[in-house]
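Have a look at the structure below, then the notes.
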Amino acid sequence: MAFAIEFDGRRTLVTGAGQGVGRGIARSLARAGSTVVVNDVRPDRADAVVEEIRAEGGRAEAAIFDVTSFEEVLAATDRLGPFWALVNNAGNAGTERFALTPFVETDPTDWDRYFAINLYGVLNCTRGVLPGMIERQEGRIVTIVSDAGRRGEPYMSAYAAAKAGAAGFSRAVAREVGRYGITVNNVALGSMATPTDLFPEASEEMAERRARRLRDYVIRRFGTPEDVAGLVTYLASPLASWITGQTYPVNGGYTMGQ
Ligand SMILES: NC(=O)c1ccc[n+]([C@@H]2O[C@H](COP(=O)([O-])OP(=O)(O)OC[C@H]3O[C@@H](n4cnc5c(N)ncnc54)[C@H](O)[C@@H]3O)[C@@H](O)[C@H]2O)c1
């Protein structure tokens, strides 16, 4: 019998799925038979991904809400749930391009920008879906974190802190809800070749920085959404029932652990 991940129509919510990594995850989940709720703050992006999935014969619907708003998230999860799985993907600098900045040049306004989406967004959405999962005694939560939070990256300190916070939060919640058959894991990404490219080749300095960074990758390229989607789809699937509280790097060998 062929190996297959099968969701049998189970509903999954993917946040920030209107482009980049989230879009790749949403499409992969749909191909595995999930009914995917495609969240984004940008209706045009979410609608386009829903169209793409439907064109491939998959099931999807758009859900426009801001993960940084507790009220909006609760209203949406009440209206659209219950969910079998949540993928906390919305992250990064949100609607603005990510800025590499020395910590000493930042202030709480900058920190809030990163904490709101990368940490509070994860808490809000997890809070939104968990009651339904606990009631049904099943569920999967996968949160996209970053090497920035695992190993520390210069000039991304607030982002690194928010991502490390999200990873720690997942482990704590994993311990709380394992007894209900719910698993909670993190997938930590290296540099991705997505629209929010951290090293746009716009300037000579950035091109140089990008080339230097690339030399640290054993697989000498940045990641693609497809590189990430398979593992997330597996962790979100019924198959991954005895894996919880873990953080899996998907980073072309940028870091190696035991
Ligand atoms: N791009 C990278 O190099 C990289 C590296 C490591 C980790 N990550 C993480 O991977 C995830 C996906 O990154 P990406 O590069 O695909 O991001 P992206 O910026 O390309 O896409 C994010 C999507 O989220 C949406 N969004 C923004 N704010 C939102 C909000 N408040 N509520 C709902 N949706 C919102 C945006 O409209 C966009 O469509 C993020 O968590 C990011 O931190 C990215």
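Numbering of ligands and ligand atoms starts at 1, following listing order.
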Exercise for the section: Work out whether the distance between some heavy atom of Gly190 and some atom of ligand 1 is less than 4.0 Å. Expected result: yes
Handout entry: Over 12 foreign heavy atoms within 6.0 Å of CZ, Arg175
Key = no
Exercise for the section: May I ask you to check whether Ser191 has an N/O atom sitting below 3.5 Å from an N/O atom of ligand 1? Expected result: no
Problem - Any Thr15 heavy atom less than 4.0 Å from ligand 1 - result: no
Handout entry: Heavy atom of Arg23, distance to ligand 1 below 4.0 Å
Key = no
Exercise for the section: Check for a donor-acceptor pair, side chain of Thr106 on one end and backbone N or O of Pro102 on the other, with a separation under 3.5 Å. Expected result: no
Practice task
Verify, without hydrogens or angle tests, whether Ser34 (side chain) and Ala30 (backbone) share a donor-acceptor contact under 3.5 angstrom.
Solution key: no
Exercise for the section: Pull out every atom of ligand 1 sitting under 4.0 Å from any heavy atom of Asn39, numbered as shown with elements. Expected result: 33 (C), 34 (N)
Handout entry: Part of Gln19 with heavy atoms under 4.0 Å of ligand 1, whether side chain, backbone, both or neither
Key = both
Practice task
Inspect the surroundings of CD in Glu135 and state if more than 12 heavy atoms from other residues, nucleotides or ligands are less than 6.0 Å away.
Solution key: no
Exercise for the section: Give a yes or no on whether a salt bridge exists between Arg27 and Glu226, defined as a side-chain N under 4.0 angstrom from a carboxylate O. Expected result: no
Problem - ligand 1 N/O within reach of Val67 N/O, cut-off under 3.5 Å - result: yes
Practice task
Report yes if some N/O of Asn92 lies less than 3.5 Å from some N/O of ligand 1; otherwise report no.
Solution key: yes
Problem - Atoms in ligand 1 flagged as close to Ser146, the criterion being non-hydrogen separation under 4.0 Å - result: 6 (C), 7 (C)
Problem - Note: Asp227-Arg221 ion pair, threshold 4.0 Å (strictly below) - result: yes
Handout entry: Gly20: numbered ligand 1 atoms lying under 4.0 Å from its heavy atoms
Key = 16 (O)
Exercise for the section: Could you go through the side chain to side chain donor-acceptor pair (under 3.5 Å) check for Arg150 and Thr255 one step at a time? Expected result: CA-CA 9 Å; Arg150 289 177 64 238; Thr255 62; 2.8 Å; yes
Handout entry: Proximal candidate to atom 11 (C) of ligand 1 [heavy atom criterion; set Thr68, Val73, Asn89, Val87]
Key = Asn89
Problem - N or O contact, Val145 vs ligand 1, cut-off under 3.5 Å - result: no
Practice task
Could you list which atoms of ligand 1 come closer than 4.0 Å to a heavy atom of Asp66?
Solution key: 30 (C), 31 (N), 32 (N)
Exercise for the section: Flag Arg42 as yes when one of its N or O atoms lies below 3.5 Å from any N or O atom of ligand 1, and as no otherwise. Expected result: no
Practice task
Indicate yes or no: does an N/O atom of Ile117 lie under 3.5 Å from an N/O atom of ligand 1?
Solution key: no
Problem - Atoms in ligand 1 flagged as close to Ile144, the criterion being non-hydrogen separation under 4.0 Å - result: 9 (C), 10 (O), 11 (C), 41 (O)
Exercise for the section: Let me see the working for Asn185 and Thr247 under side-chain contact (heavy atoms from CB on, under 4.5 Å), right down to the final yes or no. Expected result: CA-CA 6 Å; Asn185 291 289; Thr247 298; over 6 Å; no
Practice task
Determine whether the aromatic ring centres of Phe222 and Tyr217 lie less than 6.0 Å apart.
Solution key: yes
Problem - Any donor-acceptor N or O pair under 3.5 Å, side chains Arg136, Tyr180 - result: no
Problem - Ligand-side contact atoms (ligand 1) for residue partner Leu189, heavy atom cut-off under 4.0 Å - result: 6 (C), 7 (C), 10 (O)
Problem - Salt bridge Asp44-Arg42, side-chain N to carboxylate O under 4.0 Å - result: yes
Practice task
Give a yes/no on ligand 1: does Asn88 have at least one heavy atom closer than 4.0 angstrom to it?
Solution key: no
Problem - is_close_aromatic(Phe103, Trp111), centroid dist under 6.0 Å - result: yes
Practice task
Would you mind running through ligand 1 and noting each atom that sits below 4.0 Å from a heavy atom of Val21?
Solution key: 12 (C), 16 (O)
Handout entry: Donor-acceptor under 3.5 Å (Asn186 side chain, Ala188 main chain)
Key = no
Completion exercise
Quick look: Tyr159 vs ligand 1, heavy-atom contacts under 4.0 Å, and the answer is side chain
Practice task
Could you tell me whether ligand 1 has any atom less than 4.0 Å away from a heavy atom of Asn118?
Solution key: yes
Handout entry: Option nearest atom 38 (C) of ligand 1 (shortest heavy-atom distance, choices Arg45, Met156, Lys163)
Key = Arg45
Practice task
Give the numbers and elements of all ligand 1 atoms closer than 4.0 Å to a heavy atom of Phe65.
Solution key: 32 (N), 33 (C)
Handout entry: Cationic N near anionic O, under 4.0 Å, Arg213 to Glu153
Key = yes
